[in-house]
J.: 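The structure's right below; bear with me while I get my questions together.
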Amino acid sequence: MITFQISQPNQPAQTVEADSLSGMDALEQLHVKGLDRVVAVRVNGQAKDLSAAIEAKSEVEPIYVESEEGLEILRHSTSHVMAMAVKELFPGVKVTIGPAIENGFYYDFDYERPFKEDDLPVIEEKMNEFIQADLPFERKEISTQDAVSFFQSQGEDYKVEIIQDLDSDRVSLYTQGGFTDLCRGPHLVSTGKIKAFKLTHVAGAYWRGDENKAMLSRIYGTAFPDKKSLKTYLQRLEEAKKRDHVKLGKQLDIFSTHEEIGAGMIVWHPRGGMLRHLLEEFEIREHLKRGYEIVKGPLILKTALWETSGHFDHYRENMYFTEIDNQSYGIKPMNCLSHMLIYKAGLKSYRDLPKRYFELGLVHRHERSGVLRGLLRVREFTQDDAHILCTPGQLDDEIKGVLDFIKDIMAVFQFEYSLEISTRPEKSIGSDEDWERATHALKTAMDDQHLHYRINEGDGAFYGPKIDVKLKDALDREWQCATVQCDFTLPERFDLYYIDKDGQKHRPVMIHRVILGALERFIGILIEHYAGAFPVWLSPVQAMILTVTDRNIPFGEKVLKTLLDAEIRAEGDFRNEKLGSKVREAQMQKVPYMLIIGDKEAEQGGVTPRLRDGRNLPFMVTDDFVHMVNEECKQRR
RNA sequence: GCCAGCGUAGCUCAGAUGGUAGAGCAACUGAUUUGUAAUCAGUGGGUCGGGGGUUCGAUUCCCUUCGCUGGCUCCA
């Protein structure tokens, strides 16, 4: 008999006499509520199986299935059940890894053929059998050696490889029914605890993400505490798909792509052209306010210059080249080169710095065909790019200035964003000290502003580390938009200098940065963010004038002229159609204001605006409407 | 690039175990003069993504090519 001292966090301990106590026993003894929703237990800070024996002095805490951690356990267990089903249905399949991920789980398999969507229902059915059988998940710890020979005997080469890469003497195995998997756990008590799951899609995935290694077949799925929340999730996914910018881009006549033109190249229709124009105009103003100067460089530059910069050695596979008069030229994938030459064009004094060169620069990058998608990843795009050349002493302030700039702009669009620092990649140039200095400068700037950020090892640009700002699309996938990159190398390679107070030449530091990033990508995210219903200041068409009958056309035209003269983006729908039909079309085009013009409005010399949400504003004279829209634009609403 | 799925009228989608295709909306024409998410009627419209092969015959089967979508280290 052992005397157990068990407690919940911040609660008095309770004494229990028993031979042994599992996590579940402890929770029961402590009268924890909702035990049927508990999937695991945190014992002295560590997540454990409910069946795990606890120590004599333990602080226990239930992990509920609906918590983030609980869902992870549920989904991870479901992935094991899926692996079990797949092994049973497809003899000879080898299992690899199957973690829980955000919103679900996956499991990667190596099989003689890739899995297809058609296989999913069959696998689901088999999984249901195992769930119905309510098989317990049993944990066993064995030596690494034994685990290796066990998985070798099973022909599970990938598991063997995983174990051999672990530097630990013992590993844990989980068995449910006849299926044993290497796993850290914890897991559900039994398969019967899985109440709602769905296999969603299949995909290819390289073993360990390395394209030189085997192509595996991945099955994605998700699981929820109950059928209702699974359904809600799937419905939300469907809703999100309606916001897809490719779909809305077509519906709202914003852009198109063409097989005849080529992959990753965007054609902007009038509405999209206006959207770009509005963003560009906005950006130019914001940059001028902050002391940037507008510059412009050519699209193609001699290959020799790309050799100087290091792009030819480190970025060549992403570049397009052409030949003119027997000379090789590279189409620019970045805008920095001409900015370097602009700097060099005149002698610079420390009094001139910082120089902030801004360019809405068109670049071309050869992205691999498989990664292209809508506006979010393309081969030709315009960056709101700038290069800041400053003294080393000005670096911190300049980085802070850029971070503030980003904050201000994101606030205009009401975007939430996450930050990442990417460090030195394998293929890179520059000295260790410079990389260290640059990384330190970026981190310090973020720390000073108390910004949270993740670290993305080895994902920096070849010339320097960077801060990446990521925005989410409708399906919660993250895309890099703004970025701030520190660069000590290019100023060196181009032999940039300024004359300091001491009369000597000194090397400036360079910051590469974009705020929106690529206009294409940003607009893609914007469309999804607003579900196509842009705020008034960004709407390609701000007001649609709808006449009730042909009698009202002359006045409608007068209103249209007034609005156009006042620089409001207005269009008239004077067709011989019923009002309801015109309203419907304007509504589907998500025009912020529909101006209804019937006999009443014509007589009184004004308009009755209808909003996108279906509400009507009271009748107002045209000038008041103009004033209202101008105010909204000024406030960027 | 690799794996899977997809590509039929301007758009959204049907369809045939191989016998050259349909609907709704849009467009056009006419009627209607209309008050807040679709007025009615009629007409035209497609080398079924491109190329090649099998076949008496292919949009349907096979190969190839182009394009689109999802995914390709959230690590037992």
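Here is how names work: the chains are called A, B, and so on, in the same order as the sequence lines, proteins then strands, and each is numbered from 1. Because the structure is a prediction, the values reported are computed rather than measured.
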J.: So, A/Phe90 versus A/Tyr111, ring centres under 6.0 angstrom or not?
T.: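 A/Phe90 vs A/Tyr111: aromatic centres under 6.0 Å.
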J.: Side chain of A/Val583 only, please: which of B/rG71, B/rG35, B/rA37 is the nearest?
T.: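 Shortest atom-to-atom distance from the side chain points to B/rA37.
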J.: Just compare B/rG35, B/rA37, B/rU39 and give me whichever is closest to any side-chain atom of A/Val548.
T.: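 Of all the options, the side chain of A/Val548 is nearest to B/rG35.
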J.: Expressed in angstrom and rounded to an integer, what is the separation of A/Phe574 atom CZ from B/rU33 atom P?
T.: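 Computing the A/Phe574:CZ to B/rU33:P distance gives 21 Å.
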J.: Salt-bridge test for A/Glu211 and A/Arg368: reply yes if a basic N is under 4.0 Å from a carboxylate O, no otherwise.
T.: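 Answer for the salt bridge query: yes.
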J.: Take atom CD1 of A/Ile261 and atom P of B/rG67, then tell me their distance rounded to the nearest Å.
T.: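 Between P of B/rG67 and CD1 of A/Ile261: 12 Å.
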J.: At under 4.0 Å between heavy atoms, what does A/Ile596 touch on the DNA or RNA strands: base, sugar-phosphate, or nothing?
T.: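 Base: the residue A/Ile596, judged by heavy atoms under 4.0 Å, touches a nucleobase.
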J.: Thinking salt bridges, do A/Arg271 and A/Asp253 make one under a 4.0 Å N-O criterion?
T.: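 Salt bridge between A/Arg271 and A/Asp253, a charged N being under 4.0 Å from a carboxylate O: no.
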J.: Between A/Arg377 (CZ) and B/rG70 (P), how many Å, whole number?
T.: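 A/Arg377 atom CZ is separated from B/rG70 atom P by 12 Å.
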J.: Touch check for A/Lys159, heavy atoms < 4.0 angstrom, all strands: base, sugar-phosphate only, or nothing?
T.: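 Since only primed, P, OP1 and OP2 atoms lie under 4.0 Å of A/Lys159, the category is sugar-phosphate.
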J.: So what does A/Gly614 touch, heavy atoms closer than 4.0 Å: a base, only the sugar-phosphate, or nothing?
T.: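 It contacts nothing in the nucleic acid.
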J.: Any side-chain N or O of A/Arg218 under 4.0 Å from OP1/OP2 of B/rG70?
T.: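 Result: no.
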J.: Watson-Crick or G-U wobble partner for B/rA26, using a 3.5 Å limit on both distances?
T.: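 Result: none.
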J.: Determine the contact category for A/Asp108: base if any of its heavy atoms lies under 4.0 Å from a base atom, sugar-phosphate if only primed atoms, P, OP1 or OP2 are that close, otherwise nothing.
T.: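 Since no nucleic acid heavy atom lies under 4.0 Å of A/Asp108, the category is nothing.
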J.: Is A/Glu367 paired with A/Arg377 through a side-chain N to carboxylate O contact shorter than 4.0 Å?
T.: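 So A/Arg377 pairs with A/Glu367 through a salt bridge.
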J.: Under 4.0 Å between a Lys/Arg side-chain N and an Asp/Glu carboxylate O for A/Arg379 and A/Glu520?
T.: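 No, this pair does not count.
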J.: Charged N to carboxylate O below 4.0 Å: is that the case for A/Lys466 and A/Asp468?
T.: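 Yes, charged N to carboxylate O under 4.0 Å.
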J.: Just the rounded figure in Å: distance from C1' of B/rC68 to CZ of A/Phe255.
T.: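 Going from A/Phe255 (CZ) to B/rC68 (C1'), I get 12 Å.
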J.: Using the C1' atom on both, measure B/rU8 against B/rU60 and round to a whole Å.
T.: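 11 Å, rounded to whole Å.
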J.: Just checking A/Glu585: base, sugar-phosphate only, or nothing, at a heavy-atom cut-off of under 4.0 Å?
T.: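 Nothing, no heavy atom under 4.0 Å.
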J.: Rounded to whole Å, please give me the gap between CG in A/Asp473 and P in B/rU69.
T.: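 A/Asp473 atom CG is separated from B/rU69 atom P by 12 Å.
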J.: Is any side-chain heavy atom of A/Gln604 less than 4.5 Å from a side-chain heavy atom of A/Phe619?
T.: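 A/Gln604 reaches A/Phe619 side chain to side chain.
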J.: For atom C1', what is the distance between B/rG1 and B/rA38, given to the nearest Å?
T.: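 47 Å, rounded to whole Å.
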J.: Can you find an N or O donor on one side and an acceptor on the other, under 3.5 Å apart, linking the side chain of A/Arg373 with the base of B/rU69?
T.: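 Answer is no: no donor-acceptor pair is held.
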J.: Closest to the A/Arg477 side chain: B/rG35, B/rA37, B/rG71?
T.: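 Among B/rG35, B/rA37, B/rG71, the one nearest the side chain of A/Arg477 is B/rG71.
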J.: In this structure, how many angstroms lie between the P atom of B/rU69 and the NZ atom of A/Lys247, rounded?
T.: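 One finds 13 Å between P of B/rU69 and NZ of A/Lys247, rounded.
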J.: Looking at every strand, decide which applies to A/Asp210 at a 4.0 Å heavy-atom threshold: base, sugar-phosphate, or nothing.
T.: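 Contact class for A/Asp210: none.
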J.: Would you classify A/Gly104 as touching base, sugar-phosphate or nothing, given that sugar-phosphate means primed atoms plus P, OP1 and OP2, and contacts are heavy atoms under 4.0 Å?
T.: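 A/Gly104: no heavy atom of the nucleic acid under 4.0 Å.
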J.: Give me the distance, rounded to whole Å, that separates B/rG67 from B/rC61 when you measure between the P atoms they each carry.
T.: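 Going atom to atom, P in each nucleotide, I get 23 Å.
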J.: Can you pull every protein N or O that's under 3.5 Å from an N or O on nucleotides 12-16 of chain B?
T.:
{"from": "B/rU12", "atom 1": "OP1", "to": "A/Lys250", "atom 2": "NZ", "distance (Å)": "3.4"}

J.: Take A/Gly262 and A/Ser168, find for each the nucleotide of RNA chain B with the closest heavy atom, and name the residue whose nucleotide sits nearer the 5' end.
T.: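 The residue closer to the strand's 5' end, by nearest nucleotide, is A/Gly262.
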J.: When the aromatic ring centroids of A/Phe522 and A/Phe415 are compared, is their separation below 6.0 Å?
T.: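 Under 6.0 Å, so yes.
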J.: In the strands shown, is B/rC2 matched to any nucleotide by a Watson-Crick or G-U wobble pair with both distances under 3.5 Å, and which?
T.: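 When the pairing criteria are applied, B/rG71 turns out to be the nucleotide that pairs with B/rC2.
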J.: Looking at the side chain of A/Thr549, which of B/rA38, B/rU33, B/rC68 is the nearest nucleotide?
T.: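 Of B/rA38, B/rU33, B/rC68, B/rU33 is nearest to the side chain of A/Thr549.
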J.: Should B/rG7 form a Watson-Crick or G-U wobble pair with both distances under 3.5 Å, which nucleotide is its partner?
T.: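 Because both required distances fall under 3.5 Å, B/rG7 counts as paired with B/rC66.
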J.: Taking only the P atom of each, what is the distance from B/rU12 to B/rC68 in whole angstrom?
T.: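 My reading of the P atoms in B/rU12 and B/rC68 gives 15 Å.
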J.: If you measure from the C1' atom in B/rG15 to the same atom in B/rU59, how many Å do you get, rounded?
T.: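 Their C1' atoms lie roughly 11 Å apart.
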J.: How about A/Phe105 and A/His76: are their ring centroids closer than 6.0 Å?
T.: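 Between A/Phe105 and A/His76, the centre distance exceeds or equals 6.0 Å.
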J.: Any strand is fair game: report the nucleotide pairing with B/rU39 by Watson-Crick or G-U wobble, both distances under 3.5 Å, or none.
T.: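 B/rU39 is paired, partner B/rA31.
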J.: For nucleotides 1-10 of chain B, just jot down a letter per nucleotide in 5' to 3' order: B, S or -, based on protein non-hydrogen atoms under 4.0 Å.
T.: BBBSS-B---
J.: In terms of the nearest nucleotide of RNA chain B, which residue is placed more toward the 5' end: A/Gly98 or A/Tyr220?
T.: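 Its nearest nucleotide lies further toward 5', so the answer is A/Tyr220.
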J.: Using whole Å, report how far CZ of A/Phe619 lies from P of B/rG35.
T.: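 From A/Phe619 CZ to B/rG35 P: 19 Å.
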J.: What does A/Tyr106 touch in the nucleic acid at a heavy-atom separation under 4.0 angstrom: a base, only the sugar-phosphate, or nothing?
T.: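 Here A/Tyr106 touches no strand at all.
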J.: So which nucleotide does B/rA58 pair with, by the Watson-Crick or G-U wobble rule with both distances under 3.5 Å?
T.: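 Checking every strand shown, B/rA58 finds no partner, since no pair has both distances under 3.5 Å.
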J.: Any idea which of B/rG35, B/rA37, B/rG70 is nearest the A/Met588 side chain?
T.: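 Nearest to the side-chain atoms of A/Met588, counting from C-beta on, is B/rA37.
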J.: Should A/Glu528 and A/Arg243 count as an ion pair when the cut-off is N to O under 4.0 Å?
T.: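 The answer is no: the pair does not qualify as a salt bridge.
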J.: Using the C1' atom in both, what is the distance from B/rU65 to B/rU29, to the nearest Å?
T.: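 Comparing C1' positions in B/rU65 and B/rU29 gives a spacing of 42 Å.
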J.: Rounded to whole angstrom, note down the P distance from B/rC2 over to B/rG19.
T.: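 It comes out at 34 Å once rounded to the nearest Å.
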J.: Would you indicate which nucleotide in B/rU39, B/rU36, B/rG35 comes nearest to any side-chain atom of A/Glu577?
T.: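 Nearest to the side chain of A/Glu577 among the choices is B/rU39.
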J.: Are any of the side-chain nitrogens in A/Lys116 or A/Asp118 under 4.0 Å away from the carboxylate oxygens of its partner?
T.: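 No, A/Lys116 and A/Asp118 are not salt-bridged.
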J.: Can a salt bridge be assigned to the pair A/Glu239 and A/Lys241 using a cut-off of 4.0 Å between side-chain N and carboxylate O?
T.: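 A salt bridge is absent here (no side-chain N lies under 4.0 Å from a carboxylate O).
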J.: Can you tell me how far C1' in B/rG50 sits from the matching atom in B/rA58, rounded to whole Å?
T.: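 It works out to 15 Å between them.
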J.: Less than 4.0 Å between a side-chain N and a carboxylate O, is that true for A/Arg424 and A/Glu457?
T.: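 No.
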J.: Within this structure, what is the NZ-CZ distance for the pair A/Lys94 and A/Phe109, rounded to the nearest 0.5 Å?
T.: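 A/Lys94 atom NZ to A/Phe109 atom CZ measures 14.0 Å (nearest 0.5 Å).
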J.: Output the rounded distance in Å from NE2 (A/His245) to P (B/rC68).
T.: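 After rounding, the reported distance stands at 11 Å.
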J.: Checking only heavy atoms, does the side chain of A/Glu601 share a donor-acceptor pair with the base of B/rG35 at less than 3.5 Å?
T.: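 Counting by modelled atom types and ignoring angles, a donor-acceptor contact under 3.5 Å is found here.
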J.: Any base atoms under 4.0 Å from A/Gly580, or only sugar-phosphate, or nothing? Heavy atoms, all strands.
T.: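 Sugar-phosphate, no base atom in range.
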